[in-house]
Amino acid sequence: MTRVFNFSAGPATLPESVLLQAQAEMLDWNGVGASIVEISHRSADFIAVAAEAEADLRTLIGIPENYAVLFLSGGATTQQALLALNFAAPGQTVDYVVTGHWGKTAIKQVAPYAKVNIAADGEPEGFRSIPARDGWKLTPDAAYVHITANETIHGVEFRPVDGKGAAPDVGSVPLFADFSSSIASEPIDVSKYGVIYAGAQKNLGPVGVAVVIIRRDLLERSGQPRADIFDYRSHAARDSMLNTPPTWNWYLAGLVFKWMLAQGGVAEFARRNALKSKLVYDAIDASGGFYRNEVVPQARSRMNIPYFLPDETLTARFVAESKAAGLLALKGHKAVGGLRASLYNALPVEAAQALVGFMHDFQKRNG
Ligand SMILES: *Cc1c(COP(=O)(O)O)cnc(C)c1O
């Protein structure tokens with residue numbers, strides 16, 4: 001068996017020890033004589049797995065008691081649509097700060113249900129930075145302000161400013177954030193947010209489950225007429241078991257949470273992620289323009305690094321040769337082209353070192 005270094009943007013690499021444990025437990029989970037995917041979500045056994053995963057995630061991220069934690073199917077995109085249905089009154093304005101592709105998706109999903117105000121838009125500048133906070137056109141009585149904490153495709157991330165956390169100050173309107181590609185990658189102050197949501201398949205586990213963290217007072221909002229299954233309050237009241245939850249994905253995410261805690265928690269992953277991303281950015285910046293990343297340094301993502309070679313022929317060669325060298329999935333997203341290295345929690349520091357070594361070697365041969 002050969003396991004390569006996997007730079008996939010999502011679904012993404014998982015800790016090998018977690019995969020091995022899941023493999024070992026596949027046929028007989030915990031002496032039950034059946035797989036965890038074969039037993040009822042209403043069984044005491046599964047309820048214990050689910051509750052433990054929630055408790056571990058609370059510890060890992062530091063989620064206060066006055067926040068509900070939901071594990072839902074439908075991915076991050078479904079949550080983008082549900083935000084307005086649950087938290088915006090009919091006709092109420094919702095404010096969106098767009099810093100890349102996923103911010104645009106969030107607007108597309110919410111547009112049928114709310115009046116969208118684009119408070120700031122990085123697109124005219126080519127999504128190379130976070131628009132300066134003092135230029136945002138916020139609506140005083142908006143239902144919420146939505147940001148994308150890390151733009152997975154454009155490689156733009158909200159970073160701490162002036163010694164304060166990365167969460168922008170938006171006054172008394174609740175801040176909602178799509179953390180799909182950066183959740184649990186560094187310590188954050190959850191209390192600065194009204195809602196945090198994330199598809200699991202980048203930093204938390206397998207695709208098929210999304211985590212939604214909601215300040216409980218927001219669940220009192222009446223929102224808009226909606227089916228029970230689209231109602232976060234109902235999901236919270238039933239511990240995310242309103243219908244059959246994605247049990248396998250929830251279980252596997254739970255194993256990842258335990259692995260992260262055992263490795264030293266988010267503080268340790270923040271250290272590793274800073275190290276990995278610095279290695280790659282330094283290699284890009286020291287290449288004399290052979291490799292290029294176009295994001296301003298203050299907004300460079302620690303998780304996803306899109307970068308470019310001088311031409312398409314070299315790009316195709318880099319992708320093919322890196323793959324042959326055991327570095328998987330470095331091709332850029334089709335929306336921006338070029339290359340992209342995703343450096344999520346489960347990607348070891350050695351992978352970034354191997355990538356940088358390959359980049360030096362490739363430049364020597366082609367530069
Ligand atoms: C991957 C991603 C999404 C989409 O997630 P799905 O689970 O496929 O719906 C949304 N936002 C961000 C920031 C992402 O990285």
Side-chain angles (χ1 to χ4, degrees), residues 6-14 61 70-85 94 96-111 116 121-123 127 130 144-159 166-168 175-186 188 193 195-213 229-230 232 235 240 245-246 248-250 252-253 256 273 277 295 299-306 329 331-336 340-347:
N6 180 0
F7 296 87
S8 175
T13 193
L14 287 171
I61 302 185
L70 307 180
F71 290 82
L72 303 176
S73 59
T77 309
T78 300
Q79 315 316 318
Q80 293 178 335
L82 296 185
L83 293 178
L85 280 178
V94 292
Y96 278 69
V97 175
V98 184
T99 52
H101 170 91
W102 291 110
K104 288 171 71 171
T105 311
I107 288 174
K108 189 172 155 195
Q109 294 306 326
V110 87
V116 177
D121 186 2
E123 190 157 29
F127 291 134
I130 304 280
Y144 58 81
V145 180
H146 182 283
I147 62 167
T148 309
N150 179 63
E151 281 286 355
T152 319
I153 293 174
H154 289 90
V156 174
E157 184 176 18
F158 278 83
R159 304 302 309 132
L175 178 64
F176 288 11
D178 179 353
F179 263 93
S180 290
S181 50
S182 57
I183 191 163
S185 67
E186 67 179 347
I188 61 164
Y193 301 88
V195 172
I196 288 171
Y197 66 96
Q201 68 270 28
K202 280 83 183 222
N203 255 332
L204 295 185
V207 67
V209 64
V211 166
V212 190
I213 301 165
I229 197 69
F230 297 149
Y232 283 135
H235 284 293
S240 307
W248 168 255
N249 317 65
W250 196 337
L252 210 52
V256 175
N273 293 331
S277 55
V295 178
R300 280 177 160 184
S301 168
R302 299 159 306 125
M303 296 283 106
N304 313 93
I305 306 183
K331 191 175 194 300
H333 189 278
K334 61 183 183 319
V336 297
R340 173 172 54 168
S342 295
L343 312 173
Y344 299 126
N345 283 351
L347 187 88

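Both counts, for ligands and for their atoms, begin at 1 and track the order of listing. Numbering of residues begins at 1 and proceeds along the displayed sequence.
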- What protein heavy atom sits nearest atom 11 (N) of ligand 1, and how far away is it? D178 OD2, 2.6 Å

- Message: For atom 10 (C) of ligand 1, what is the closest protein heavy atom, and at what distance to 0.1 Å?
- Response: W102 CE3, 3.3 Å

- Geometric class of the H101/H333 ring pair [parallel <30°, tilted 30-60°, perpendicular >60°]: tilted

- Query: Would you say the side chains of R302 and S185 form a donor-acceptor pair under 3.5 Å?
  - Reply: yes

- Message: Parallel, tilted or perpendicular, judged at 30° and 60°: which one describes the rings of Y197 and H146?
- Response: tilted

- Message: Please list the nearest protein heavy atom to atom 15 (O) of ligand 1 with its residue and the distance rounded to 0.1 Å.
- Response: T152 OG1, 2.4 Å

- Tell me which protein heavy atom sits closest to atom 9 (O) of ligand 1, plus the residue, atom name and distance to 0.1 Å. T77 OG1, 2.5 Å

- Message: So if I count the atoms of ligand 1 from 1 in the order they appear, which ones are less than 4.0 Å from some heavy atom of N150?
- Response: 13 (C)

- Identify, for atom 5 (O) of ligand 1, the protein heavy atom at the shortest distance, and state residue, atom and that distance. A76 CB, 3.5 Å

- Query: Should you measure from each heavy atom of K202, which atoms of ligand 1 turn up under 4.0 Å away?
  - Reply: 1 (C), 2 (C), 3 (C), 14 (C), 15 (O)

- Near Q201, which atoms of ligand 1 are under 4.0 Å from a heavy atom of that residue? 5 (O), 6 (P), 7 (O), 8 (O)

- Verify side chain to side chain contact (heavy atoms under 4.5 Å, CB included) between V209 and W248, making sure each step is shown before the conclusion. CA-CA 9 Å; V209 64; W248 168 255; over 6 Å; no

- Just checking, any donor-acceptor pair under 3.5 angstrom between side chains of Y344 and N304? yes

- Atoms of ligand 1 under 4.0 Å from any heavy atom of G75, numbered from 1 in the order shown, are 7 (O), 9 (O)

- Note on the structure: dist L72:CG -> T78:OG1 (nearest 0.5 Å) comes out at 9.5 Å

- Query: Applying the side chain to side chain donor-acceptor pair (under 3.5 Å) test to N150, which of S182, S181, S180 qualifies?
  - Reply: S181

